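Just so we're clear, the structure is a prediction, and the values are computed from it rather than from any experiment. We use all heavy atoms of the structure for the numbers below, so side chains are in, but hydrogens, waters and symmetry mates are not.
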Amino acid sequence: QVQLVESGGGLVQPGGSLRLSCVVSGSTFSRYTMGWYRQAPGRQRELVARITSGGNTFYADSVKGRFAISRDNAKNTVYLQMNSLRPEDAAVYYCNAELGSWYYWGQGTQVTVSS
C-alpha cells in the first residue's frame, strides 16, 4: 500500500512563501511522476505542477514563475516551493503519485493566503 503524507501548509500573508512536502512510502518513488494539485471550495481539483521520474517539470500558467516543484529520490519526497502567494492560491493542496495506470493521493494540506 502506497501512502503519501503532505505537510507544510498553513496561513501566510499575500506575497509570502510556503514550502510543501510530500513523503511517499515504498521503494519505487524514483519511478513515479509526482504532482501537486489543489482544490478550492466550490472548484474542481486542478493540476498545479508535476515532475517526471526524469526530472521534467510542468506548471499551470497561473503559478509559472512563482512555484517550483522538485524531488529528492533519496528521501522519497517531493516539494512545492510557493513564492509570491496570492489569495487565489488558497486551497487544499494534494500530492499525487502516478505510475502507469496507478494513481495515489495524499490527504491534503490546507494553504490559506490572507492578511
- Query: Within a strict 4.5 Å, meaning less than it, do heavy atoms of the R45 and W105 side chains meet?
  - Reply: yes
- Item | Spacing of T109 atom OG1 and Y94 atom OH [to the nearest 0.5 Å] | 10.0 Å
- Message: Please find the pair of heavy atoms, one from S70 and one from V78, that lie closest to each other, and give the distance.
- Response: O-CG2, 3.1 Å
- Query: Is Q107 reaching over with its side chain to a backbone N or O of V5, donor-acceptor style, under 3.5 angstrom?
  - Reply: no
- Task: Would you mind reporting whether R50 and T33 have side-chain heavy atoms less than 4.5 Å apart?
- Result: yes
- Aromatic rings F67 and Y93: how do their planes relate, parallel, tilted or perpendicular, breaks at 30° and 60°? tilted
- Note on the structure: A60 and L47 have their tightest heavy-atom pair at CB-O, 3.5 Å
- Item | Interatomic distance, I69 atom CD1 to Q81 atom CD [nearest 0.5 angstrom] | 12.0 Å
- How close do L80 and A49 get, heavy atom to heavy atom, and via which atoms? CD1-CB, 4.2 Å
- Answer with yes or no whether the hydrophobic clustering places V23 together with I51; edges join I, L, V, M, F, W, Y residues whose side-chain heavy atoms lie under 4.5 Å apart. no
- Message: So, taking the atom named CZ in R66 and the one named CG in L85, what distance separates them when rounded to the nearest 0.5 Å?
- Response: 6.5 Å
- Message: Is there a side-chain contact between D89 and M82 in this structure, where contact means two heavy atoms from C-beta onward sitting under 4.5 Å apart?
- Response: no
- Shared hydrophobic cluster for Y37 and V63 (ILVMFWY, side-chain gaps under 4.5 Å): no
- Note on the structure: Here the gap from N73 atom CG to Y32 atom OH, rounded to the nearest 0.5 Å, amounts to 12.0 Å
- Sub-3.5 Å donor-acceptor pair from the side chain of N76 to the main-chain atoms of S25, do we have one? no
- Of all heavy-atom pairs linking V92 and G108, the shortest is CG1-CA, 3.8 Å
- Item | Cationic tip of R71 above F29 ring, under 6.0 Å, 45° of axis | yes
- Query: Do R19's NZ or CZ and the ring of Y79 fall within the cation-pi criteria of under 6.0 Å and 45°?
  - Reply: yes
- Message: So that I can tick it off, tell me whether K64 and D61 are bridged by a salt bridge, with the cut-off set at under 4.0 angstrom between side-chain N and carboxylate O.
- Response: yes
- Query: Are E98 and N96 close enough that a side-chain donor and a side-chain acceptor fall under 3.5 Å?
  - Reply: no
- Just wondering, are more than 12 heavy atoms of other shown residues or ligands nearer than 6.0 Å to CD in Q44? no
- Message: I'd like to check S114 versus L11 (side-chain heavy atoms, cut-off strictly below 4.5 Å). Are they in contact?
- Response: yes
- Message: I need the minimum non-hydrogen distance between A91 and Q39, along with the two atoms involved.
- Response: CB-O, 3.4 Å
- Query: Which value, rounded to the nearest 0.5 Å, describes the distance between M34 atom CE and L99 atom CG?
  - Reply: 11.0 Å
- Query: Between T77 and S21, which heavy-atom pair has the shortest distance, and what is it?
  - Reply: CG2-CB, 4.3 Å
- Hey, could you give me the CG/OG distance between D72 and S30, rounded to the nearest 0.5 Å? 11.5 Å
